[in-house]
Trainee: 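Quick one: the structure is below, questions incoming.
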Amino acid sequence: MSFKTTDGLMRHLRDNGIAISGSTQKRQLLNTGYFHGYKGYRFFGTSLNRLPFTSYDEIYATIQYDSNLKSLFYGKMMFIETAVKNVALESILLYTKSESIQAMYNKAVSSYKNCPASFTPDQRKKAQQDKLNLESTIQSYLSRAYRNGNPKITHFYNNVGYSGVPLWALFEIMMLGDFGYLLSCLNYDMRNIISHNLGLNVAADTDRRLVYKYIYTLKDLRNAIAHNAVVFDTRFRNIDPDKAMKRCLEQEIGLSYVNFKSIGDYVILMSYYLKLLGVTKVEIKAFIKDYEKITNEYRIAVNPNVAAKVIRPDLSSRISTLKNYI
């Protein structure tokens, strides 16, 4: 079995036009890894779009840029996830007048019986299947949490005084993607209430789908951060924004376009949510300023050809528009 040592990998990089030498860069290559580091960061978006690096310093700067972005986003992402869950939870509790998960199924979740009159038989069947899938997903969460001894769940099953796990306890253990699926299964009236309670631009969202579409979008970024995957080029993106997702941010913030093909658009979406959730202007602008600082430092650290591929030429104007909105 043949493999390359770190010294051999350094020679391989030099043979491929990447200047690398010395003990410091050897340690950097060893710490970040050739496969996770160099091979993971040598392209932007797809493997066909290679970044024109000329030195290992630029590769290391790209790895650090990505790491700094994840550090910047993590706290804000956790806050948004928790806050949106709590807004949705209170909305459902008030709508169903109960903390029972079954009450949510009966009153707030779309099914064959309670679909709009305009729904076709196939649409009714899909709503019913979605409801059944949701019930299965939730039951799996509760079963796994009980099996693992999660006190947030075992407390209710092991207490004869309780009849079941309340909805708020379920929300505590749900992952963001499945929370988004739960939102997608809610009936129109329930999604409408949550959308208004969040302050989403419902004029741009006649079907009230933004309430879960944006959660799916943020979920992709959150999971990439949690698993230490690459984020700077949005390769984690699993969905393309629909018209409502674009129109909402364009109208609210005053942007000419939104496509989530650059990490700056995720900064825009997170800033939008931070404002909706009542975070102060000072804190949001500090978040945006930190993003600008990290990006500008990266721009200086790499050659212009790399910077041109990674950083949008109109980033400065888009950030100015965002600050004016905030």
Side-chain angles (χ1 to χ4, degrees), residues 45 69 72-85 87-88 176-177 179-180 183-184 191-225 231-292 294-295 310-326:
L69 288 174
L72 174 64
F73 295 160
Y74 180 79
K76 294 294 185 288
M77 190 64 69
M78 295 304 103
F79 169 79
I80 292 170
E81 176 178 350
T82 301
V84 173
K85 277 185 176 180
V87 171
L176 191 58
F179 169 64
L183 294 176
S184 76
R191 297 197 313 273
N192 182 51
I193 290 169
I194 295 172
S195 297
H196 276 96
N197 288 344
L198 283 171
L200 291 169
N201 178 7
V202 294
D205 180 32
T206 55
D207 294 325
R208 302 300 188 267
R209 293 177 179 170
L210 285 182
V211 70
Y212 62 87
K213 286 291 185 72
Y214 280 154
I215 291 297
Y216 285 150
T217 302
L218 292 171
K219 176 264 300 181
D220 290 341
L221 175 58
R222 182 209 183 281
N223 288 349
I225 294 170
V231 303
F232 81 106
D233 60 355
T234 72
R235 69 183 69 170
F236 57 81
R237 184 170 63 105
N238 286 319
I239 62 171
D240 288 319
D242 61 22
K243 289 183 180 178
M245 294 170 69
K246 297 175 185 176
R247 190 163 54 239
C248 173
L249 294 177
E250 289 166 0
Q251 290 178 355
E252 289 288 275
I253 298 172
L255 298 165
S256 59
Y257 71 93
V258 173
N259 56 27
F260 293 105
K261 291 182 179 179
S262 81
I263 198 65
D265 280 11
Y266 287 84
V267 172
I268 288 167
L269 179 59
M270 291 171 68
S271 298
Y272 176 58
Y273 262 89
L274 292 173
K275 181 170 181 177
L276 293 183
L277 295 167
V279 176
T280 66
K281 292 181 181 180
V282 172
E283 186 174 340
I284 302 172
K285 286 188 174 181
F287 168 63
I288 298 169
K289 185 177 181 181
D290 285 342
Y291 167 66
E292 285 184 291
I294 290 169
T295 302
V310 174
I311 304 168
R312 271 184 176 161
D314 61 352
L315 176 63
S316 180
S317 63
R318 290 172 70 78
I319 292 299
S320 293
T321 300
L322 176 61
K323 287 179 179 176
N324 290 336
Y325 162 73
I326 298 301

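Residue indices begin at 1 and follow the sequence shown.
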Trainee: For residues 319-326, tabulate all N or O donor-acceptor pairs below 3.5 Å that involve a side-chain atom, not counting sequence neighbours.
Mentor:
residue : atom : partner : partner atom : Å
Ser320  : OG   : Ser316  : O            : 3.1
Thr321  : OG1  : Ser317  : O            : 3.0
Lys323  : NZ   : Glu292  : OE1          : 2.7
Asn324  : ND2  : Ser320  : O            : 3.3

Trainee: Roughly how far, to the nearest 0.5 Å, is the CG atom of Asp207 from the CG atom of Asn192?
Mentor: 11.5 Å

Trainee: Just verifying a value: how many Å separate Leu69 CG and Thr295 OG1, rounded to the nearest 0.5 Å?
Mentor: 6.0 Å

Trainee: Evaluate the side-chain proximity of Phe287 to Met270: yes if any heavy-atom separation is below 4.5 Å, no if none is.
Mentor: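 A side-chain contact exists here, since the closest heavy-atom pair is under 4.5 Å.
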
Trainee: Just wondering, do Lys261 and Arg237 contact through their side chains at under 4.5 Å, heavy atoms?
Mentor: yes

Trainee: Rounded to the nearest 0.5 Å, how far does SG of Cys248 lie from CG of Leu255?
Mentor: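 Interatomic distance, Leu255 CG to Cys248 SG, rounded to 0.5 Å: 11.0 Å.
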
Trainee: Please report the shortest heavy-atom distance between Val231 and Ala224, naming the atom on each side.
Mentor: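 Closest approach of Val231 to Ala224: CG1-CB, 3.7 Å.
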
Trainee: Which heavy atom of Ala244 sits nearest a heavy atom of Ala204, and at what distance?
Mentor: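 Here Ala244 and Ala204 meet closest at CB-O, 3.3 Å.
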
Trainee: Go through the structure and list residues passing side chain to side chain contact (heavy atoms under 4.5 Å, CB included) with Tyr74, not counting sequence neighbours.
Mentor: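 With sequence neighbours excluded, Tyr74 shows a side chain to side chain contact (heavy atoms under 4.5 Å, CB included) to Met78, Ile225, given in chain and number order.
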
Trainee: Any chance NZ of Lys76 has more than 12 other-residue heavy atoms, nucleotides or ligands included, within less than 6.0 Å?
Mentor: yes

Trainee: Answer with yes or no after comparing the ring centroid distance for Phe236 and Tyr266 against a 6.0 Å cut-off, counting only values under it.
Mentor: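 Ring-ring flag for Phe236/Tyr266: true, centres closer than 6.0 Å.
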
Trainee: Mind running side chain to side chain donor-acceptor pair (under 3.5 Å) on Ser262 and Arg312 for me, showing each step along the way?
Mentor: CA-CA 8 Å; Ser262 81; Arg312 271 184 176 161; 3.2 Å; yes

Trainee: Check the pair Tyr216, Asn238 against side chain to side chain contact (heavy atoms under 4.5 Å, CB included), reporting the backbone distance first and the verdict last.
Mentor: CA-CA 9 Å; Tyr216 285 150; Asn238 286 319; over 6 Å; no

Trainee: Rounded at 0.5 Å granularity, tell me how far CG in Leu221 sits from CG in Asp265.
Mentor: 12.0 Å

Trainee: Leu72 versus Ile294: any side-chain heavy-atom pair under 4.5 Å?
Mentor: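 Answer yes - side chains close enough.
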
Trainee: Rounded to the nearest 0.5 Å, what separates atom CZ in Phe260 from atom CG in Asp240?
Mentor: 11.0 Å

Trainee: Determine, stepwise, if the pair Val211 / Ile215 fulfils side chain to side chain contact (heavy atoms under 4.5 Å, CB included).
Mentor: CA-CA 7 Å; Val211 70; Ile215 291 297; over 6 Å; no

Trainee: Verify side chain to side chain contact (heavy atoms under 4.5 Å, CB included) between Leu218 and Phe73, making sure each step is shown before the conclusion.
Mentor: CA-CA 11 Å; Leu218 292 171; Phe73 295 160; over 6 Å; no

Trainee: Side-chain contact, heavy-atom cut-off 4.5 Å: Ile288 with Ser271?
Mentor: yes

Trainee: For a 4.5 angstrom cut-off between non-hydrogen side-chain atoms, does His196 reach Ile193?
Mentor: no

Trainee: Quick one: which residue pairs count as a salt bridge (charged side-chain N to carboxylate O under 4.0 Å, His left out) with a foot in residues 267-277, not counting sequence neighbours?
Mentor: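 Salt bridge (charged side-chain N to carboxylate O under 4.0 Å, His left out) check on residues 267-277 returns no pairs.
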
Trainee: Using every non-hydrogen atom in the two residues, find where Asp233 and Gly45 come nearest and quote the distance to one decimal.
Mentor: OD2-N, 2.7 Å

Trainee: Quick one: does Asn201's side chain get under 4.5 Å of Tyr272's, heavy atoms only?
Mentor: yes

Trainee: How far apart are the closest heavy atoms of Val202 and Arg208, and which atoms are they?
Mentor: O-NH1, 3.4 Å

Trainee: List the steps, then state whether side chain to side chain donor-acceptor pair (under 3.5 Å) holds for Tyr257 with Asp314.
Mentor: CA-CA 11 Å; Tyr257 71 93; Asp314 61 352; 2.6 Å; yes

Trainee: Within the 4.5 Å heavy-atom criterion, are Arg191 and Leu183 side-chain neighbours or not?
Mentor: no

Trainee: Pair Val84, Tyr214 - check side chain to side chain contact (heavy atoms under 4.5 Å, CB included), show working.
Mentor: CA-CA 11 Å; Val84 173; Tyr214 280 154; over 6 Å; no

Trainee: Look up atom CG in Leu274 and atom CE in Met77, then write down how far apart they are to the nearest 0.5 Å.
Mentor: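 The CE atom of Met77 is 9.5 Å from CG of Leu274, to the nearest 0.5 Å.
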
Trainee: Any non-hydrogen side-chain atom of Phe232 less than 4.5 Å from a side-chain atom of Val310?
Mentor: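 Yes. Closest side-chain heavy atoms under 4.5 Å.
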
